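Remember, predicted model here, so these are calculated numbers, not experimental data. First the proteins, then the strands, lettered A, B, ... as listed; each starts at 1.
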Number of protein chains: 2
Amino acid sequence: MGLRERKKEKTRLAIIDAALDLFLEQGYESTTVEQIAGVVDVSPRTFFRYFTSKDHLALWFHDHGEEIILETLADRPQDEPPFTALMHALRAVLTDVECSTGEDAERFLKLRRLLDANPHLIGRSVARGAQTERRLAEVIAARRGADPDKDQLTHLIVAFAMSTMRVGFECPRRDGTVAEIAARMAESIDLAERSLRPGWDL
Amino acid sequence: MGLRERKKEKTRLAIIDAALDLFLEQGYESTTVEQIAGVVDVSPRTFFRYFTSKDHLALWFHDHGEEIILETLADRPQDEPPFTALMHALRAVLTDVECSTGEDAERFLKLRRLLDANPHLIGRSVARGAQTERRLAEVIAARRGADPDKDQLTHLIVAFAMSTMRVGFECPRRDGTVAEIAARMAESIDLAERSLRPGWDL
DNA sequence: ACTATTCTGTCATAGTGTGCCATAAGTCAT
DNA sequence: ATGACTTATGGCACACTATGACAGAATAGT
C-alpha cells in the first residue's frame with residue numbers, strides 16, 4: 001500500500017474521530033462541517049470528497065456491515081432457506097463487531113451513543129438500511145427464483161431480517177461493552193428465529 | 001369552521017397538489033421550494049410555515065396514517081395479543097385508503113408513483129416510519145407491561161408490523177387502482193400473520 | 001529528474017431552512 | 001360598521017449543506 005493510500009486512510013479516520021467527538025460533545029445538528037474540517041485541518045471542500053454528506057459520515061459503519069452481509073450471503077449454500085442464510089449473515093456482522101479492537105471498538109461505542117442521543121440520526125440510519133434492503137431483496141429473489149418486483153414474500157423475509165438486526169442494535173438503549181451489545185444482538189436473532197413458523201420462508 | 005381555517009386548508013392542499021405534480025414532472029430533487037411556492041402564488045417563507053421541510057411535504061400522508069394507527073390501537077381490547085392489535089390498526093389504515101375518493105385518492109396514487117420513482121424518498125419514508133415505530137413501541141410496551149427501554153420483543157413486534165405495512169405499500173412496484181393496491185396490502189398482512197408462530201407475541 | 005495522475009484548497013453558486021419584524025387579513029367585541 | 005385583538009403572510013438577512021470549476025501541490029511511475 002502506497003504512501004498516498006495510507007495518508008488517505010489516516011485522514012478518513014481523523015475526520016471520523018474528530019466528527020464523532022464533536023457530535024457527542026455539542027450535538028449532531030449544531031456541529032458544522034466547517035468545524036470538523038477545522039479540527040482535522042482540512043478544507044470543508046475536502047470533507048465532501050471523503051464523505052458525500054454529514055449523514056454519510058455518521059453512518060459510515062453501514063457500508064462495512066452491508067459488505068459483510070453480501071459476502072456472507074454469497075458463501076451460503078443456495079438451497080439454504082433464505083431467512084436462515086440472512087441470519088448467518090447477521091451473525092457474521094456480529095462476529096466482526098466482537099472482534100473489532102482498540103480504536104475501532106471505541107468508534108463503534110461512540111457511534112452507538114450518538115444514535116441513542118439523536119433520534120433524528122436513527123431515522124437516517126434506517127433510511128440507509130432501506131438501501132441495503134433493496135440490494136438484499138435482489139439477492140434473495142435470485143435465490144428463490146422469484147421476480148423481486150412482484151414477490152412479496154421475498155421483501156417480507158428481507159424486511160424481517162433487517163428489523164431483527166435493527167432491534168438488536170438499538171435495544172436496549174443503554175451503554176455497555178462491545179461484548180454486551182453483541183450479546184444483545186445475538187439475543188434478538190434467537191428471538192426472531194423462535195418467533196417464526198418453521199419453513200415460512202420457503 | 002371559520003374562513004381562516006378553510007383558507008389554510010385550501011392553501012395546504014394547493015401546495016401539496018402543485019408539489020406532487022412538479023415532482024412527478026421534473027423529479028423531486030430538481031424541484032425547488034421556490035418553484036412550488038411560485039405555482040401556488042405564495043412566498044417561499046410561507047411554504048415552510050405549512051411544511052417544516054420538503055420531505056415533510058412529500059410524506060404528509062404518514063401523519064394521517066400514524067394518527068389512524070394510534071387511534072385504532074387505543075380502541076382495541078387491552079388483552080388482545082399485541083401483534084394482532086397492530087394488524088387491526090394496519091387494516092384500519094387500509095380501509096381509510098380504500099374509502100378515500102376523488103382528489104384524495106388521486107393524491108395517494110401520485111405519491112405512490114413518486115416513491116416508486118425516487119428510491120431516495122423511500123429512505124425518507126422509512127425514516128418517518130421509524131418515528132412512528134418509537135411511538136408504537138411505547139404503546140405496545142404499556143400493553144405488555146414491559147419497559148420499552150429493555151424489552152426486545154416489544155420492539156420486534158412493532159418492527160415486524162411496520163415491515164408488513166411497508167412491504168404491502170411498496171411491493172409490487174407497479175401502478176394500479178387504489179383498490180388493487182389496497183388488496184396487495186391486505187395480502188401482505190395475511191402473509192405476515194401466516195408466517196409467525198401462534199402466540200409468539202405474548 | 002520528468003511527467004502523469006491524483007489529491008487538495010479557493011472561489012463561486014444553488015438550495016434548504018430559520019429568526020425577525022413589519023404588514024395585511026380574519027375574528028370578535030361593542 | 002368601527003375599533004381592538006389575533007393570526008397569517010411577505011420580505012429580509014442569515015447559517016448551513018452540498019456541488020462545480022479551476023489552479024496548484026503532492027505523489028507515483030519511469
Side-chain angles (χ1 to χ4, degrees), chain A residues 1-16 18-20 22-23 25-60 63 114 118-121 123-125 127-128 131, chain B residues 1-16 18-23 25-60 62-63 114 118-121 123-125 127-128 131:
Chain A
M1 196 195 269
L3 169 61
R4 189 168 260 164
E5 288 185 48
R6 265 179 292 140
K7 216 170 185 174
K8 264 183 86 170
E9 190 60 15
K10 210 174 124 191
T11 308
R12 219 180 65 89
L13 292 175
I15 293 177
I16 291 177
L20 240 36
L22 283 173
F23 290 161
E25 197 179 311
Q26 56 183 25
Y28 178 75
E29 306 288 357
S30 41
T31 301
T32 69
V33 172
E34 204 178 349
Q35 282 181 304
I36 301 169
V39 172
V40 191
D41 220 53
V42 155
S43 82
R45 186 68 185 85
T46 296
F47 173 95
F48 286 106
R49 288 194 178 100
Y50 280 87
F51 301 96
T52 58
S53 66
K54 226 169 88 173
D55 287 347
H56 182 208
L57 162 64
L59 305 174
W60 99 99
D63 295 350
L114 184 64
N118 297 68
H120 169 253
L121 264 182
R124 301 309 175 100
S125 175
R128 175 66 180 82
Q131 193 181 318
Chain B
M1 193 195 271
L3 168 59
R4 187 171 262 162
E5 289 185 47
R6 264 179 293 140
K7 217 171 186 176
K8 265 183 85 169
E9 190 60 16
K10 209 175 127 190
T11 309
R12 220 181 63 89
L13 291 176
I15 294 177
I16 290 176
L20 240 35
D21 287 338
L22 284 173
F23 290 161
E25 198 179 309
Q26 57 184 24
Y28 178 75
E29 307 287 355
S30 41
T31 301
T32 69
V33 172
E34 203 179 351
Q35 281 181 305
I36 301 168
V39 172
V40 192
D41 221 52
V42 155
S43 82
R45 187 68 188 84
T46 296
F47 173 95
F48 286 107
R49 288 199 177 94
Y50 281 88
F51 300 96
T52 58
S53 65
K54 227 169 88 174
D55 287 348
H56 182 209
L57 163 63
L59 305 174
W60 99 99
H62 281 257
D63 295 351
L114 184 62
N118 296 68
H120 168 253
L121 264 182
R124 301 308 177 101
S125 176
R128 176 65 180 79
Q131 193 181 317

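- A distance of 9.0 Å separates CG of A/Leu114 from CG of A/Leu59, quoted to the nearest 0.5 Å.
- Nucleotides of DNA chain C nearest to B/Arg45 and B/Thr31 differ in position, and the one nearer the 5' end is that of B/Thr31.
- No more than 12 heavy-atom neighbours from other residues, nucleotides or ligands sit within 6.0 angstrom of CD on B/Glu34.
- For the helix from C/dA1-D/dT30 to C/dT30-D/dA1, the end axes, each set by the C1' atoms of five terminal pairs, are bent relative to each other by 30° (nearest 10°).
- Between B/Thr46 and D/dG10 there is a side-chain N or O to OP1 or OP2 distance below 4.0 Å.
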What is the per-nucleotide protein-contact pattern of nucleotides 25-30 of chain D, from the 5' end, where B denotes a base atom under 4.0 Å from a protein heavy atom, S denotes such proximity for sugar-phosphate atoms only, and - denotes neither?
-BBS--
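- Across all non-hydrogen atoms, the minimal contact from B/Leu22 to B/Thr31 is O-OG1, 3.5 Å.
- Between A/Gln131 and A/Arg128, the closest side-chain pair of non-hydrogen atoms falls below 4.5 Å.
- The salt bridge (charged side-chain N to carboxylate O under 4.0 Å, His left out) check on B/Arg124 picks up B/Asp55, with sequence neighbours excluded.
- Scanning all heavy atoms of the two residues, the minimum distance from B/Ser30 to B/Gln35 falls at O-OE1, 3.6 Å.
- For the side chain to side chain donor-acceptor pair (under 3.5 Å) test, residues two or more places apart in sequence or in another chain that qualify with A/Ser43 are A/Thr46.
- Rounded to an integer number of Å, the gap from B/Arg12 CZ to D/dT9 C1' is 18 Å.
- Near-neighbour residues of DNA chain C inside residues 34-44 of chain B, defined by a heavy atom below 4.0 Å, are absent.
- For the pair A/Val33/A/Phe48, a side-chain contact is recorded, criterion being any heavy-atom separation below 4.5 Å from C-beta on.
- Straight-line distance from the NE2 atom of A/His120 to the C1' atom of D/dC16: 14 Å, rounded to whole Å.
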Quick test: give all pairs of protein nitrogen or oxygen and nucleotides 2-5 of chain D nitrogen or oxygen below 3.5 Å, distance rounded to 0.1 Å.
none

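- For the atom pair OG1 of A/Thr32 and NZ of A/Lys54, the computed distance is 7.0 Å after rounding to the nearest 0.5 Å.
- With respect to the salt-bridge test (charged N to carboxylate O, under 4.0 angstrom), the residues A/Glu9 and A/Arg12 qualify.
- Here CD of A/Glu25 is found 12.0 Å from CG of A/Leu20. Values are rounded to the nearest 0.5 Å.
- The side chain to side chain donor-acceptor pair (under 3.5 Å) search around B/Tyr50 returns none, not counting sequence neighbours.
- Qualifying ring-ring contact (aromatic ring centres under 6.0 Å, His included) partners for B/His56, counting only residues two or more places apart in sequence or in other chains: B/Phe51.
- Shown here are the side chain to side chain donor-acceptor pair (under 3.5 Å) partners of B/His62, two or more places apart in sequence or in another chain: B/Ser125.
- B/Tyr28 is linked by a ring-ring contact (aromatic ring centres under 6.0 Å, His included) to B/Phe23, counting only residues two or more places apart in sequence or in another chain.
- Nearest approach of A/Ala127 to B/Gly123, heavy atoms of both residues: CB-O, 3.3 Å.
- Bracketed by its first and final contacts, the part of DNA chain C lying under 4.0 Å from non-hydrogen atoms of chain A reaches from C/dT5 to C/dT10 in 5' to 3' order.
- Residues of residues 47-58 of chain B having a heavy atom closer than 4.0 Å to DNA chain D, listed by number: B/Arg49, B/Tyr50.
- In this structure, CZ on B/Phe47 lies 4.5 Å from CD1 on B/Ile36, to the nearest 0.5 angstrom.
- A/Val42 and A/Thr11 make their closest contact through CG2-CG2, 4.3 Å (heavy atoms, listed as atom of the first residue, atom of the second, distance).
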